[in-house]
2 protein chains.
Amino acid sequence: MAQERSLPPVVQRMWGREPMPRRGPRPRLDLDTITTAAIEIADAEGMAAVSMSGVASRVGVAATALYRYVDSKEDLLTAMADAVAPEPPDPAGMHWRDYLALWTRAHRDLILQHAWVLSITVYAPPMGPRRLLWLDRAIAALAGTGLDDGEKINVASTLTGYALTDAALEHTAKLGFPELEGSGIEGASDYGEVLAEVLDPEAYPALAAAVRSGAFGGAEGWVEDADFRFGLDLLLDGVERLIARRQPR
Amino acid sequence: MAQERSLPPVVQRMWGREPMPRRGPRPRLDLDTITTAAIEIADAEGMAAVSMSGVASRVGVAATALYRYVDSKEDLLTAMADAVAPEPPDPAGMHWRDYLALWTRAHRDLILQHAWVLSITVYAPPMGPRRLLWLDRAIAALAGTGLDDGEKINVASTLTGYALTDAALEHTAKLGFPELEGSGIEGASDYGEVLAEVLDPEAYPALAAAVRSGAFGGAEGWVEDADFRFGLDLLLDGVERLIARRQPR
DNA sequence: AAAAACTATGAACGCCATACACAGTAGGCC
DNA sequence: GGCCTACTGTGTATGGCGTTCATAGTTTTT
C-alpha cells in the first residue's frame with residue numbers, strides 16, 4: 001500500500017476506458033482503430049512490416065500521434081495480441097473434455113491465421129479483455145470436475161502453451177524453415193534429409209535411426225492434424241486422470 | 001532434384017565445418033567465439049543489448065566483419081539458441097518417465113538461466129548440434145516402450161513446448177509483467193488484484209470467481225515448482241497411457 | 001473575448017542492420 | 001624470390017527505425 005497502484009494507460013484503454021478530455025480538440029483516434037490497422041498490416045505483410053509510421057499512415061495521422069494512445073511499440077504489440085482473439089467458443093452443455101479440445105484447437109487455428117502472434121511474447125499473462133474471456137470459458141468448462149481454481153487455471157495455461165507450440169511447429173513445417181530459405185530445402189521431409197546428411201550416427205544414435213526410418217518423411221503417411229491431436233490427447237488424458245483422482249467414484 | 005541442395009553457411013559453421021581458406025589471411029574468428037560473445041552480452045544485459053556492433057566490439061573487430069561468418073543477425077540468433085544448450089542429462093539406466101521428467105526440467109531451467117532465449121523464435125525445428133543432441137537423448141529414453149519413431153519425436157516436441165511455456169510463465173511471474181512496470185504491481189498476487197479491479201463478474205463469471213477465491217494468491221500456499229510438476233505429470237500420464245495402449249501386457 | 005487544456009505535427013536524434021568499395025595479407029605458382 | 005589471386009577486416013554510407021520535444025492548432029471553459 002506504500003505505492004500508488006494504477007493501471008498503465010494502455011491497459012485502461014484495452015478495457016475501453018478511453019479518457020474523455022474535458023477541453024481541447026476531440027481525439028481523432030482510439031486504441032481500437034490503431035490496433036485494427038496494425039493487425040491488418042501484420043496479417044497482410046507480416047510482423048516485420050508493422051512499424052509505427054506504417055500504422056500511423058494507415059490511419060491517416062503522423063507517426064508521432066500514436067504516442068498519445070500508446071506509450072511504446074511494445075504496448076501496441078500487446079494490444080494487438082489481445083485484439084486478434086475472437087469470441088471463444090461457447091461451452092454451454094458440453095462435456096469438459098470435448099470443450100477443451102475444441103477450445104485448444106480454436107486457439108491454435110487462431111494463431112495459425114495470424115502467425116505474427118508467434119513473434120510477440122504471448123507468454124506474458126493476459127491482461128486484455130478478450131484473452132481473459134478465453135480463460136474464463138476454459139475455467140467454466142471445468143466446473144463440476146472437482147478441480148480447484150488453481151488447478152483449472154493451470155490446465156488452461158498448459159493447453160494455451162500447447163496451442164502455441166503446435167501452431168509454431170505447424171507453421172514452420174508448412175512454410176519451411178527460415179534458416180533454410182533459398183537452399184532448396186522446403187518441407188518437412190527435406191528437413192529429414194538434411195539431418196541425415198549432417199548427423200553422425202555414433203554421436204546421435206537414436207535420432208539417426210529415427211531419421212533413417214523416415215520419421216520425418218512428411219508427406220507419406222501424413223494425416224491432417226494427427227500431430228496436434230496426438231499431443232492434445234496426451235494432455236487431456238492427463239487431465240482426465242487428475243479429475244478421476246479428485247472424484248474417486 | 002531439380003535444385004542444388006546445400007546447407008546454408010551458418011548451419012555448416014554450427015556443425016564445426018568452418019571453411020579453411022586456401023589463400024588469404026587466416027580468419028581471426030570463428031562462429032563459436034562470436035556466439036559466445038553474443039551470449040555473454042545477452043546474459044548480462046538482455047537480448048535488447050545484443051547488437052551487431054556490440055558483439056563485434058566485444059570480440060575486437062569492426063561490426064561489418066561479422067558478416068563474414070553470419071549472413072544476418074537472424075543467423076546469429078539461431079546460432080546462439082543452439083550454443084546455449086549444454087550437454088543433456090545422461091539417460092543411461094533410467095526409466096523413461098524419470099528421465100523425461102529430468103530432461104524437461106533441465107530444459108526449463110536452461111531457459112530460465114538464459115531468459116533471452118524466450119525472445120527468439122525457438123519454435124523452429126532445431127538444426128544445431130546441441131539441441132539435436134537433446135532430441136536424441138529423449139528419443140533414446142523412449143526405446144523399448146513400443147512407440148514408433150514419429151511418436152517419440154512428438155512426445156519430445158510436446159515436452160519441449162511445455163518447458164518453454166512453463167519457463168515463460170515462471171519468468172514473468174518472478175520478474176513481473178513488463179506491461180505493468182512502474183505501476184506498483186509486481187508479483188503474481190498483485191496480478192490477481194488487478195484482475196479483480198477490472199473484471200466484470202457478469203461477463204467473466206468463472207474467472208471472477210477464481211480470482212475472488214484467491215487462485216492468483218501467489219505467495220500464500222506457494223510450493224516451489226508445484227505448477228511445473230502439475231503440467232508435467234499431466235503430460236507424462238498421457239504418455240504412459242499411450243505406452244500402455246501400445247504394449248497391452 | 002481571453003485563457004486554459006489538450007491534440008496532432010514536423011523536425012531532429014541516436015541507433016541499428018546492412019551494402020559496398022577498398023586496403024591489407026598470405027598462400028599458390030612460376 | 002616475386003607476382004598473382006583469393007580472401008579477410010575496415011571505413012564509409014544509407015535507409016529505416018522508435019522516440020523526444022518544442023510548436024502550432026483546436027476546442028472548451030470562464
Side-chain angles (χ1 to χ4, degrees), chain A residues 8-10 12-13 18-31 33-35 37-38 41-42 45-80 116 119-120 178-179 181-182, chain B residues 8-10 12-13 17-35 37-38 41-42 45-80 116 119-120 178-179 181-182:
Chain A
V10 196
Q12 300 221 22
R13 282 208 164 86
E18 302 269 351
M20 265 289 275
R22 298 220 159 296
R23 267 178 276 199
R26 286 286 168 74
R28 281 217 284 242
L29 306 169
D30 51 45
L31 184 59
T33 66
I34 294 176
T35 55
I41 294 177
E45 311 170 49
M47 191 82 250
V50 175
S51 69
M52 288 291 153
S53 43
V55 175
S57 79
R58 175 173 262 262
V59 295
V61 297
T64 58
L66 300 184
Y67 288 89
R68 295 266 157 207
Y69 303 88
V70 161
D71 281 344
S72 67
K73 188 180 184 181
E74 268 290 309
D75 280 0
L76 175 57
L77 296 187
T78 67
M80 286 172 71
W116 48 266
S119 44
I120 305 183
E179 304 98 351
E181 210 150 89
Chain B
V10 195
Q12 300 221 20
R13 282 209 165 84
R17 298 184 187 171
E18 303 269 352
M20 263 290 277
R22 298 222 160 294
R23 248 131 354 145
R26 286 287 169 74
R28 279 216 286 241
L29 307 169
D30 51 47
L31 184 60
D32 237 45
T33 65
I34 294 176
T35 55
I41 294 176
E45 309 170 51
M47 190 83 253
V50 175
S51 69
M52 288 292 153
S53 43
V55 175
S57 80
R58 176 173 262 261
V59 295
V61 295
T64 57
L66 301 183
Y67 287 89
R68 297 264 160 206
Y69 304 86
V70 161
D71 281 345
S72 68
K73 188 180 184 180
E74 268 290 310
D75 279 0
L76 175 58
L77 297 187
T78 67
M80 286 171 72
W116 49 266
S119 45
I120 305 184
E179 304 98 352
E181 211 149 86

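Only heavy atoms go into these numbers, but all of them, side chains included; no hydrogens, no water, no symmetry mates. Throughout, protein chains are lettered first and strands after them, A, B, ... in sequence-line order, and every chain is numbered starting at 1.
Every residue meeting the side chain to side chain contact (heavy atoms under 4.5 Å, CB included) condition with A/S51, not counting sequence neighbours, appears here in chain and number order: A/S53. By the side-chain hydrogen bond (donor to acceptor under 3.5 Å, both in side chains) test, A/Q12 pairs with no residue at all, sequence neighbours left out. The side chain to side chain contact (heavy atoms under 4.5 Å, CB included) check on A/V61 picks up A/R28, A/L29, A/A56, A/V59, A/A65, A/L66, with sequence neighbours excluded. Considering only residues two or more places apart in sequence or on other chains, A/E45 meets the side-chain hydrogen bond (donor to acceptor under 3.5 Å, both in side chains) condition with none of them. Residues meeting the side chain to side chain contact (heavy atoms under 4.5 Å, CB included) test with B/Y67, sequence neighbours left out: B/M52. A/R58 pairs by the side chain to side chain contact (heavy atoms under 4.5 Å, CB included) definition with A/A37, A/E40, A/I41, not counting sequence neighbours.
Residues from residues 47-56 of chain A with heavy atoms under 4.0 angstrom of DNA chain C: there are none.
Protein chain A touches strand DNA chain D; the 5'-most and 3'-most nucleotides with an atom under 4.0 angstrom of its non-hydrogen atoms are D/dC17 to D/dT29.
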Taking only N/O atoms, report every protein-nucleotides 19-23 of chain C pair under 3.5 Å with atom names and distance.
none

With the criterion being N/O to N/O and under 3.5 Å, what pairs connect the protein with nucleotides 24-28 of chain C, and how long is each?
from: C/dG27; atom 1: O3'; to: B/R22; atom 2: O; distance (Å): 3.1

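Rounded to whole angstrom, the span from the CG atom of B/D75 across to the P atom of C/dA17 amounts to 14 Å.
The distance from the CZ atom of B/R13 to the OG1 atom of B/T35 is 12.0 Å, given to the nearest 0.5 Å.
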